[in-house]
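Before any comments, here is the structure.
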Number of protein chains: 2
Amino acid sequence: MNQTRQPLPLADACCAPLLRAPLSVGQAASLAGILKALADPTRLRLVSMVAAHDGDEACVCELTDPLGLTQPTISHHLKVLVDAGILSRDKRGKWAYYALVPGALDALSAVLSTSR
Amino acid sequence: MNQTRQPLPLADACCAPLLRAPLSVGQAASLAGILKALADPTRLRLVSMVAAHDGDEACVCELTDPLGLTQPTISHHLKVLVDAGILSRDKRGKWAYYALVPGALDALSAVLSTSR
DNA sequence: TGATCGCATCGACAGCCATCTATGCATGAG
DNA sequence: CTCATGCATAGATGGCTGTCGATGCGATCA
């Protein structure tokens, strides 16, 4: 739905002094974009299922049944997570394998932490 | 708009093994609720402005002008953040002072971290 | 080549949400 | 008591979003 999204929204929001000084408009928008991608129960479960899966990756067919949603809906959520830079997509043969982008969640965690 | 919200949504989602095992439906819903409260540029800026303010608290009148939104809109966003357990409200005289709930963002940060 | 499978995209629709104006409700000043 | 101030709430509205069924498209298999 939003095709003109920046490839790595976290790049602008990363290391923002969330609790030191007021966020700029751009920083707030970037950070909100990533948080919005995660702020959905289905997408959170998708992330945790991918992360906990053997080999740290999973194809769509393995994610559809446990969530009780249709395949197009799962594909939609996965696309949102990929666009936000949280998951990566690797198509091999007929299957599309999704995996966590290393460091993506850690960067988000660091931004929200008050102790550093 | 949602009056029947749990007082501390993070209590259920906290310490959830986001990256170890698939999230339960309840854990995902709780965590998504907190993330949804933060996943808005205006609310992110509000949080950072409150945290960076002298005394770590601020009243509504000090937050309205810099954001360029009307006072009812700011009050609405602040209510969302209070309901999510991120900010606290303390009414003293005619003014309502908002402050960060200690540890709220740190708990969220810990859930998202992959290193522990 | 034709059939099947895995997945993405499209179009539609209902529900949610951010924002506004208008209004109510305390509190403090005079 | 009366009025002004600071804030919350109510109601309305336009836009966004999660979900679906239908369909398209490449890869594999017979």
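A quick note: this is a predicted structure, and the numbers were derived from the prediction, not measured. We name chains A, B, ... by the order of the sequence lines, and we start the count at 1 in each one.
Note: NZ (Lys79(A)) to P (dT17(D)) measures 13 Å, nearest angstrom. Remark: P of dC17(C) and CG of Leu35(B) are 14 Å apart, rounded to the nearest angstrom. Between the P atom of dC20(D) and the NE2 atom of His77(A) lies a distance of 8 Å, rounded to the nearest Å. Computed from coordinates, the Leu81(B) CG to dC17(C) C1' distance equals 14 Å when rounded to whole Å. We find that CG of Asp40(B) is positioned 13 Å from P of dC16(D), with the value rounded to whole Å. Rounded to whole Å, the distance from CG on Leu46(B) to P on dC7(D) is 13 Å. Rounded to whole angstrom, the span from the CD atom of Gln71(A) across to the C1' atom of dG24(D) amounts to 12 Å. Across the protein-nucleic acid pair, Arg45(A) atom CZ and dG18(D) atom P stand 16 Å apart, rounded to whole Å.
In this model, the phosphate group of dT21(C) is not approached by any side-chain N or O of Thr73(B) to a distance below 4.0 Å at OP1 or OP2. For the pair Tyr98(B) and dA8(D), the criterion of a side-chain N or O lying under 4.0 Å from OP1 or OP2 is met. Of the side-chain N and O atoms in Ser75(B), none sit less than 4.0 angstrom from OP1 or OP2 of dC7(D). Note on His76(A): a side-chain N or O is less than 4.0 Å away from OP1 or OP2 of dG18(D).
Nearest nucleotide to the Lys36(A) side chain, out of dT17(D), dA8(D), dT19(D): dT17(D). Out of dA18(C), dC7(C), dT19(D), the shortest distance to the side chain of Leu69(A) is found at dT19(D). Minimum atom distance to the side chain of Pro72(B) is reached by dT21(C), of the listed dT21(C), dC20(D), dG18(D). Residue Thr70(B) places its side chain closer to dT21(C) than to any other of dC20(D), dT21(C), dG18(D).
Applying the salt bridge (Lys or Arg N to Asp or Glu O under 4.0 Å) rule to pairs touching residues 33-54 of chain B yields nothing, sequence neighbours excluded.
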Per-pair distances, 0.1 Å, donor-acceptor, side chain in residues 89-101 of chain A, under 3.5 Å, sequence neighbours excluded:
{"residue": "Asp90(A)", "atom": "OD2", "partner": "Arg92(A)", "partner atom": "NH1", "Å": "2.7"}
{"residue": "Arg92(A)", "atom": "NH2", "partner": "Glu57(A)", "partner atom": "OE2", "Å": "2.8"}

I'd like a table of donor-acceptor pairs (distance under 3.5 Å, sequence neighbours excluded) in which one partner is a side-chain atom from residues 63-72 of chain B, with atom names and distances.
{"residue": "Thr64(B)", "atom": "OG1", "partner": "Val60(B)", "partner atom": "O", "Å": "3.0"}
{"residue": "Thr70(B)", "atom": "OG1", "partner": "Thr73(B)", "partner atom": "OG1", "Å": "3.0"}
{"residue": "Gln71(B)", "atom": "NE2", "partner": "Ser75(B)", "partner atom": "OG", "Å": "3.3"}

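Shown are Thr42(A), Leu81(A), Leu78(A); of these, the side-chain contact (heavy atoms from CB on, under 4.5 Å) with Val47(A) is made only by Leu81(A).
We find the CD1-CG distance between Ile34(A) and Asp83(A) to be 12.0 Å, quoted to the nearest 0.5 Å.
Contacts with DNA chain D (heavy atom under 4.0 Å) in residues 86-97 of chain A: Gly93(A), Lys94(A), listed by number. Annotation: proximity of residues 55-63 of chain B to DNA chain D (heavy atom, distance under 4.0 Å) is found for Cys59(B), Val60(B), Cys61(B), numbered in ascending order.
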Would you check, one step at a time, whether the test side-chain contact (heavy atoms from CB on, under 4.5 Å) holds for Ser113(B) with Asp106(A)?
CA-CA 5 Å; Ser113(B) 174; Asp106(A) 285 324; 3.8 Å; yes
Would Leu31(A) and Gln27(A) satisfy side-chain contact (heavy atoms from CB on, under 4.5 Å), going step by step from the backbone distance to the final call?
CA-CA 6 Å; Leu31(A) 187 50; Gln27(A) 288 171 336; over 6 Å; no
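Every residue was checked against the side chain to side chain contact (heavy atoms under 4.5 Å, CB included) condition with Asp56(A), not counting sequence neighbours, and none meets it.
Side-chain contact between Leu35(B) and Leu108(B) is present, with heavy atoms from C-beta onward closer than 4.5 Å.
Remark: the backbone N or O of Leu23(B) is paired with a side-chain donor or acceptor of Ser48(A) at under 3.5 angstrom.
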